[in-house]
Amino acid sequence: ADFKVGLVLDRGGKDDKSFNSSAYEGANQAKKKLGIFLKYVEATDDNAFEPLLRAFAQRDFDLIIGIGFAQKEAIKKVAAQFPQKHFAIIDAEVDAPNVRSLVFEEHEGAYLIGAIAAMTSKSGKIGFVGGMDIPLIRRFSMAYEAGAKKINPQINVLANFVGVTSEAWNNPPKGKELAVSQYDAGIDIIFAAAGASGLGVFDAAEEKKKFAIGVDANQNWTKPGLILTSMLKRVDEAVASTIEESKAGHFTGGIKRFGLANKGIDYSVDQYNEKILPESVRKRADDIKAEIIAGKIVVPDFYKKK
Amino acid sequence: MKRLLQPILAVALGLALGLAITWFAGENPWHVLKILGHGAFGSGYDFGMTLFYATPLIFTGLSVAIAFHAGLFNIGAEGQLTLGALAAAAVGALWPGIPWPLGPMLAGVTAICAGTLWGAIPGWLRARHGSHEVINTIMLNFVAAGLASYVTLYLLKNPDSQNPETRPIGTGYLIHQFEIFGGAPVSAALPLAILATILVWVLLWRTALGFEIRAVGQNESAARAAGIDTARIRIIALSLAGGLAGMVGIGEVLGNAGKFRMGFSPDYGFLGIAVALLGQNRPAGIVAAALLFGALHKGTADLDLETEHVTRELSLVLQALIILSVSAEGLWSWMKKRGQT
Amino acid sequence: MTTQLLASTLRVSTPLIFAALGGMFSERAGVINIALEGMMLLGAFGAAVGTLVTHSPWLGLVCGMASGVLMAAIYGLFVIHLRANQIVAGMAINMLALGLTPFLSKILYDVTGSTPAIPIENRFQSAPLYLCWIFVLLSWFWMKYTPAGLWFSFAGEHPEALDAAGIRVNRVRWMAVLLSGALAGMGGASLSIFLSSSFSRNMTAGRGFIALAALIFGKWKPVPAAIACLLFGFTEALQIRLQGVILWGHEPIPVQFIQILPYVVTIFVLAGFVGHSRAPKALGIPFRRR
Amino acid sequence: MASATTAAVELRELTKQFNGCVANAGVNLRVEPGTIHGVIGENGAGKSTSMKMLYGVYRPDTGAIFVHGKKCDWSSPSAAIAAGIGMVHQHFMLAAPYSTLDNILLGAEPRRWGRIDRKAARTRLETLANQYNLPVDWDCPVEQLPVGIQQRIEILKLLFRNANILILDEPTAVLTPQETNDLFSNLKRLRDEGKTILLITHKLKEVMSVTDRITVFRAGKVTGELATSGTTPQELANLMVGRKVVLNIAVTPASPRAESAIEIKGLNLTGTMAGSRHKLSDVNFSVRRGEIVGIAGVEGNGQSELLQAILHPRDSRCRTSGAVTFLGQDVTAFQALKIRELGVALVPEDRHREGLLLEQSVRENFLLGLQRSPAFSRAGFLHSKKLETTVTQAIEEYDVRPRNLAIPAGSLSGGNQQKLIVAREFQRRPQVLIAAQPTRGVDVGAIEFIHQRIVRARDEGAGVLLVSSELEEIMALSDRILVMYEGRIVAEFERGQVSERELGLKMGGS
Ligand SMILES: Nc1ncnc2c1ncn2[C@@H]1O[C@H](COP(=O)(O)OP(=O)(O)OP(=O)(O)O)[C@@H](O)[C@H]1O
Ligand SMILES: Nc1ncnc2c1ncn2[C@@H]1O[C@H](COP(=O)(O)OP(=O)(O)OP(=O)(O)O)[C@@H](O)[C@H]1O
Ligand SMILES: [Mg+2]
Ligand SMILES: [Mg+2]
């Protein structure tokens, strides 16, 4: 019958406007294009992944995709129990023949964003607002700072976190307070990697008439003229292509990396920000991008830092 | 008889209310009910997951109840269990070489001690400084989360994972997982929870200390007049409560994840309050209430998967309605009055 | 720097003050209010939807109040009328709000867990900042100078005495709980249409519990409770500004230690200066005449 | 003669059950307007319950209530208040942290622009207070006022509301003789002004002196209605209890031993015990084994503080300096439990506050304070069978009714609660017995019983410290009497050396 795809979303849920939304988008595009059967579920807690993945496998789904690194162990276990099924996971590396790991080189993007911010900043001070303090967000902040320093070694980079529990992803008022305090301290551009809390950062930008930078999806439209750019992480592409290949019978296991080179990571330019992002900056950014792709610039990676 | 019938009827009523909502959302309630039952008890694995969720709730339920008997309100089980789990994982990660029976024992005791400490602090503050345990336990929950975050990111970071979690513990620390549940992580923590339940019952109703705890909770001045050192009893009760909550860490770290994961608990500590009060603060009642909550948690997760319209949000609504109607003491007499007229 | 810190303190405390006042009314009348969090959350949602529909933050605020009142009505039905355990029912109300809001947003906007953004001209710029202090004064006046305030106090302290004086205890408690919902709803509204630009899932993020702590801290009195909220707000604002500051050496203090600062300070302040706070005597005990 | 006029109050066949426990089983009561009507009966006979039904607090199961000939079917006190009924409850209806003024005007607030007009209320109350000689401090939180004053507040409440039918449920249980006299003259005056008064009391002397007619309750029923002028205390007692009662037990003289039981030297309290108004200064006395030493005094002159200080000598809030010796041992460094374990028994002054766990069973209440004694526990584990048999015997011996170990102590009537405490404490075979207000609110039968037990304990060799504001009780039982006034011992008398009048004067500070 139909080709059946099961999507196990992270705790953030389908409409987190971040990588869950993006993954769902991608799967939906594939559904429209290929006429597959698509079913998604949202996990309630970290222990729920395994039963949900298993339930999909038992119900004869052909491809099961886990969204988010938190599902790593669960995918590893369930994939071993159902070797004839196909699995995919976003943001984590699982070494099994029937699992495709879709990982993103966020640090490359964050480096580029840091460079763009440093080029645009007039005050010589830029900021970063992270959601929960976790390695992934550290990966962003570390590369962001390095990218900025590449442009302007004297630049001041201030990194703040909304919180240390998962509520940090859902606290726009606090994201806004953090951003306001950064803007008040003379910072004129803030990169927000904080889930829904990032919306608070954008609100602050709106009030203070300063710039902010979006993440994951293209968020330029949310505050036209104030979002300098967004760091794109094409989870949708990764999911859609995986579904497509799997349906066509070309599924392969192993690790698939998405970076600047294959446009899995990028920065966005559209009608909402082309006026505020000058040609010269875009040009310079594209140069840096090329250098990273060519390996001339080695971007520091928090994951590799021991 | 009435004490048994009443909660059962109440669960039925809450379920009916919840099903009415799913019907409103466009599902066949009968179908939903079947999925719920099947999701919670349908197979060894499903039942295993129910038991897996129920186990920590037994610990936190007991924790809240024991404090409650001493007239204290422990909102801090969440923080206590966080520290308990963190401590167990720390021991297992720092000395991974310790062999089997010794490892779990050492880590288990450490988990209990960490929880106990986290309970003793508000107990001591209440007894000696008179500051309200409700505030202090809420505050300590946040502090525990901060400490856990620090430890997992700076001290015991797992280099192989992006998750905020600690390094894996040594294999000698892992406790037995029961195979009959088809892979569900039901570990030796379940019998431990049952044992803890029995011990709490013995403590509260068969020992002098338990009597003193209940006396302080009932009437502090009478207890004092009878010579009971009420300050000491309060500290002991909250310490015991903390220790019980800390035992959640044993199941999670030694019996399930093999490490400490930030945010592993879907609010076990808060649900423990509802579990304790639904179980009327009695050990057997707590086990029953924990099972109910475990079954609901597992059953409703399957609803999301099996139905078109029921999402995990609606599952929360359903659980809330069941808890509400089970707690409604007056519903019973109201129904009786209706029946008479 | 100091004025910014002050402004930030006032902003951060605003939702807390509304919620703590709400908690004050119901707890002074003898009804424990763990459900503040849930009432706030629905209030935040209602306010966002109301503002989106009417394009007026004031009407949005009214919708937020109404949503809080709705939640309070469910709570009141269970704890006053059906004598449910107030703590269990409160936790259930929180769960209900957590589940209901994404469910409703899905129905209304086909987006689970959030509402569309509210344009800046439709949001409050500063009104709630002052409004909450007006309510502090009103609450103080209410408790001290009006008959209803006196009834609230007696309903929480000695309901039998109130009953014997010919006032219906449960009616008074209903009034208090509904009022509590209205205020908590405003607290939620100030989150969604003042401090941010839309509703998002679980956006109260534990503020109801902090408000409860402030209420106890403030010994169940409006002005001290509001001041306690200010203290929480201040430590929060300070915490935000301390993040990333290098005090010694080369590395900033780990953010975790900065984040727990408000809570540690609270514990010490409470132990050192405040001492006993006496709860209303009949707090948590359902009233029933035979 | 009476049936010609319409009764002010008439209760017809009232019945009321609480979860199967019958409190009223067909009560008939008729009160003529402009009279003081006494209501007496044993503890638990149903007096308070029937009065609460009249006041609308409880709703009768069956039966009817008539006020001034009109049938009343009210479901709340507000209707009763509107009909001119006012009640002073056995347990005062005052909210401790609030001011006298607020407690009085609650529910009858004079208003101005929607706010409470406290000024108007105060003016009116001051007039009333002068008129009936009931001075009180309007702004003081009631918890800081002695019970005698709290009583005045309750009466002012009724006057403030213009009640013309006044119900007073055991108003004298907490009053000194002087205060009782004042109250009675006020009651007579109110009667003469045309008000109708229902007075519940256990003190037969009082009923005899102040009432016009008397209704006697027993076991939820009315067993007699008589004119006061035509009866005697003995007859009333017999009607109440259903058997002959010895009203004044003959106490044999003591034969005190040489060993001391309690020895207090230079006891001082300057600390800050919650609610204490009087500090202790230089209290010295001793109690030998085999004697009863009574401490007389108006309540609130440091008696409670004295007991706290000798039972919790380590607590700095209770004792600041001085030595406390029990049975020859200096206990100033002892924990409270250790003191009790020496053989010290305590009948606390407030049984609800300090004596009982109201929601726990009779069985558990019996264990309170004995939970660590070798008789009931071994290595920390309770010995429940032993407890069961001991309690069964004890409630039989001490006549605690009903004979049911499983019911909560709170559902016993006041007298039976007191007997339960006495049973528990005497069961220790104490060497030292501290009894504070041991017969407060207790019916004559139980008073007789408790007094006998105290004397028996003395004769078995216990040193007894009796604290009581009941002059009669002190005079009847004490071998020596100490008078306490403002935290000091101001006088000491041997048995028979002092008259009631003289003692009353000393208690008043002269
Ligand atoms: N609220 C109640 N719940 C259960 N039982 C009650 C309640 N109030 C009274 N009773 C029971 O009803 C009976 C009559 O009580 P009531 O208070 O009327 O006695 P009383 O004559 O006033 O006694 P006392 O002299 O001790 O005040 C007692 O057995 C008592 O235990
Ligand atoms: N709620 C409280 N607030 C302030 N201080 C207290 C409180 N409770 C106890 N304390 C202090 O703690 C100490 C121990 O209290 P506790 O009442 O248990 O006395 P103790 O030393 O055990 O002696 P005992 O029980 O014999 O009175 C005392 O010094 C007392 O002042
Ligand atoms: Mg002590
Ligand atoms: Mg009575």
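- The residue among A:Gly200, A:Gly13, A:Gly163 with the most heavy atom pairs within less than 4.5 Å of chain C is A:Gly163.
- When A:Leu178, A:Leu158, A:Val129, A:Val162 are each tested for a side chain to side chain contact (heavy atoms under 4.5 Å, CB included) with C:Gln243, only one passes: A:Leu178.
- Of the possible polar contacts, none joining the A:Glu177 side chain to the C:Arg11 backbone as a donor-acceptor pair under 3.5 Å is found.
- In this structure, C:Gln256 contributes its side chain and A:Val164 its backbone to no donor-acceptor pair below 3.5 Å.
- The shortest distance between side-chain heavy atoms of C:Gln239 and A:Lys174 falls below 4.5 Å.
- Interface remark: C:Ser114 contributes side-chain atoms only to the contact with chain A (heavy atom separation under 4.5 Å).
- Both the backbone and the side chain of C:Thr112 come within less than 4.5 Å of a heavy atom in chain A.
- A donor-acceptor pair under 3.5 Å is absent between the side-chain atoms of A:Asp15 and the main chain of C:Gly113, judged by distance alone.
- Only the side chain of C:Ser198 has a heavy atom closer than 4.5 Å to any heavy atom of chain A.
- Side-chain N/O atoms of A:Asp203 and C:Ser196 include no donor and acceptor closer than 3.5 Å.
- Heavy atoms of A:Glu42 lying under 4.5 Å from chain C belong exclusively to its side chain.
- In this structure, A:Ser181 and C:Gln4 have side chains that are not in contact, with every pair of non-hydrogen atoms separated by 4.5 Å or more.
- Only the side chain of C:Val255 comes within contact range of chain A, with at least one heavy atom under 4.5 Å from a heavy atom of that chain.
- Across C:Ala205 and A:Glu167, no two heavy atoms sit closer than the pair O-OE1, 3.7 Å.
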